[in-house]
A.B. asks: 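First, the structure itself, so that you have it in front of you.
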Amino acid sequence: QVQMVESGGGLVQAGGSLMLSCVVSGRAFGVNYATGWFRQAPGKEREFLTAITWNFGTTYYADSVKGRFTISRDIYKNTVRLQMNSLSPEDTGVYYCATGPRGGCTWPVWSRSLEHWGQGTQVTVSS
């Protein structure tokens, strides 16, 4: 049974940084699994931000976060982290982590097939 818990959200001023963590339990961190980060702003669809595979650490970044956010994994702590820099009010939202088998599909297709999600952590960026 896969479980995950996000933490690290909070209030930060524009231009600041935050580090989010997602602790994964179960077998989601095994071979050929990947964990990603998503966010949902009020009135908007959930957005796929970034992901990383557990085996080789292969990463994906959406254009909206490329160059500002960095995803990483700690295999000894079963944790995926999201370092967020140069934050703007547009980054405000509830951030979720999710995991599932990587397979051979593209990252966007993979992001739409996930079954295991955390409960989210709120990130608010003020002007």
Side-chain angles (χ1 to χ4, degrees):
Q1 185 66 39
V2 176
Q3 295 180 337
M4 53 198 62
V5 179
E6 304 96 333
S7 64
L11 176 64
V12 64
Q13 293 185 342
S17 299
L18 281 175
M19 171 76 84
L20 306 183
S21 296
C22 173
V23 179
V24 181
S25 62
R27 292 178 287 179
F29 50 85
V31 176
N32 293 326
Y33 277 77
T35 297
W37 285 97
F38 302 72
R39 71 184 174 198
Q40 188 165 28
K44 297 184 178 180
E45 296 291 322
R46 196 182 335 244
E47 180 185 9
F48 175 40
L49 303 177
T50 180
I52 189 168
T53 64
W54 281 97
N55 50 6
F56 294 108
T58 304
T59 59
Y60 167 87
Y61 294 95
D63 290 340
S64 60
V65 304
K66 193 175 299 181
R68 298 189 300 122
F69 291 11
T70 303
I71 190 171
S72 62
R73 79 212 195 282
D74 185 334
I75 61 175
Y76 300 104
K77 295 183 177 180
N78 300 337
T79 299
V80 172
R81 298 185 175 91
L82 181 64
Q83 177 65 52
M84 305 186 295
N85 299 323
S86 301
L87 288 166
S88 69
E90 289 71 35
D91 295 312
T92 293
V94 179
Y95 283 67
Y96 301 87
C97 60
T99 191
R102 176 66 182 91
C105 61
T106 65
W107 280 110
V109 169
W110 172 85
S111 73
R112 297 190 290 270
S113 65
L114 304 177
E115 299 180 359
H116 306 286
W117 294 78
Q119 291 184 291
T121 184
Q122 176 70 44
V123 172
T124 303
V125 184
S126 63
S127 300

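In this chain, residues are counted from 1 in sequence order.
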A.B. asks: Backbone N or O of Met19 within a donor-acceptor pair of the Gln83 side chain at under 3.5 Å?
C.D. replies: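 Here the side-chain-to-backbone pair does not exist.
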
A.B. asks: Could you note down all residue pairs passing side-chain hydrogen bond (donor to acceptor under 3.5 Å, both in side chains) where residues 118-127 supplies at least one of them, sequence neighbours left out?
C.D. replies: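 Pairs touching residues 118-127 that pass the test: Gln122-Thr124.
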
A.B. asks: Which heavy-atom pair separates Trp110 from Ala51 by the least distance, and what is that distance?
C.D. replies: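 Smallest heavy-atom distance, with atoms named: CZ3-CB, 3.7 Å.
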
A.B. asks: Quick one: are Tyr33 and Asn55 in side-chain contact, heavy atoms under 4.5 Å?
C.D. replies: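 They are not in contact (no side-chain heavy atoms under 4.5 Å apart), so the answer is no.
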
A.B. asks: Sorted by first residue and then second, give each salt bridge (Lys or Arg N to Asp or Glu O under 4.0 Å) pair with at least one member in residues 70-80; sequence neighbours left out.
C.D. replies: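 Listed once each, the pairs are Asp74-Arg81.
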
A.B. asks: Looking only at non-hydrogen atoms, find the nearest pair between Val12 and Leu18 and report the distance.
C.D. replies: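 In terms of heavy atoms, the two residues are closest at CG1-CD1, 3.9 Å.
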
A.B. asks: I'd like to check Met4 versus Val80 (side-chain heavy atoms, cut-off strictly below 4.5 Å). Are they in contact?
C.D. replies: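 No, too far: nothing below the 4.5 Å cut-off.
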
A.B. asks: Please report the closest heavy-atom contact between Phe48 and Tyr60, naming both atoms and the distance.
C.D. replies: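 Taking every non-hydrogen atom into account, CE2-CE2, 3.2 Å.
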
A.B. asks: Would you say Leu20 and Glu6 make side-chain contact, with heavy atoms under 4.5 Å?
C.D. replies: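 Sidechains of Glu6 and Leu20: no contact.
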
A.B. asks: Please round to the nearest 0.5 Å and tell me the distance separating atom OG1 of Thr58 and atom CD1 of Ile71.
C.D. replies: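 Result: 11.5 Å between the selected atoms.
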
A.B. asks: Check for a donor-acceptor pair, side chain of Tyr61 on one end and backbone N or O of Arg68 on the other, with a separation under 3.5 Å.
C.D. replies: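 Checking the backbone N and O of Arg68 against the side chain of Tyr61, no donor-acceptor pair under 3.5 Å is found.
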
A.B. asks: Pairs in or reaching into residues 12-23: which pass side-chain hydrogen bond (donor to acceptor under 3.5 Å, both in side chains), with residues at least two apart or in two chains?
C.D. replies: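 Checked against side-chain hydrogen bond (donor to acceptor under 3.5 Å, both in side chains) - neighbours excluded - the pairs reaching residues 12-23 are Ser17-Asn85.
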
A.B. asks: Could you measure the distance from the OG1 atom of Thr99 to the NE2 atom of His116? Nearest 0.5 Å is fine.
C.D. replies: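 Nearest 0.5 Å value for the OG1-NE2 distance: 7.5 Å.
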
A.B. asks: Taking the ring of Phe38 and the ring of Trp117, is the distance between their centroids below 6.0 Å?
C.D. replies: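 Close enough - the centres of the two rings lie under 6.0 Å apart.
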
A.B. asks: Quick one: list whatever passes side chain to side chain contact (heavy atoms under 4.5 Å, CB included) with Ser64, sequence neighbours left out.
C.D. replies: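 Here the qualifying residues are Arg39, Glu47, Leu49, Ala62.
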
A.B. asks: Measure the OH-CD distance between Tyr96 and Gln40 for me, rounded to the nearest 0.5 Å.
C.D. replies: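 Rounded to the nearest 0.5 Å, the OH-CD separation comes to 5.5 Å.
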
A.B. asks: To the nearest 0.5 Å, how far apart are OG1 in Thr35 and CD1 in Ile52?
C.D. replies: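 Nearest 0.5 Å value for the OG1-CD1 distance: 9.0 Å.
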
A.B. asks: Please evaluate residues Trp54 and Val24 with respect to the criterion side-chain contact (heavy atoms from CB on, under 4.5 Å), reporting the C-alpha separation (whole Å), side-chain torsions for both, the decisive distance (0.1 Å), and the verdict.
C.D. replies: CA-CA 11 Å; Trp54 281 97; Val24 181; 4.1 Å; yes

A.B. asks: Closest approach of Leu114 and Ala98, non-hydrogen atoms and distance?
C.D. replies: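 Minimum heavy-atom contact is CD1-CB, 3.6 Å.
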
A.B. asks: Can you list the residues that meet the ring pair (Phe, Tyr, Trp, His ring centres under 6.0 Å) rule with Phe69, with sequence neighbours excluded?
C.D. replies: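 By the ring pair (Phe, Tyr, Trp, His ring centres under 6.0 Å) rule, Phe69 matches no residue at all.
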
A.B. asks: Do you know which two heavy atoms are closest between Val109 and Cys105, and how far apart they sit?
C.D. replies: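 Shortest heavy-atom separation between Val109 and Cys105 comes out as CG1-CB, 3.7 Å.
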
A.B. asks: What pairs of residues pass the salt bridge (Lys or Arg N to Asp or Glu O under 4.0 Å) test when at least one of them lies in residues 101-121, not counting sequence neighbours?
C.D. replies: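 Pairs touching residues 101-121 that pass the test: none.
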
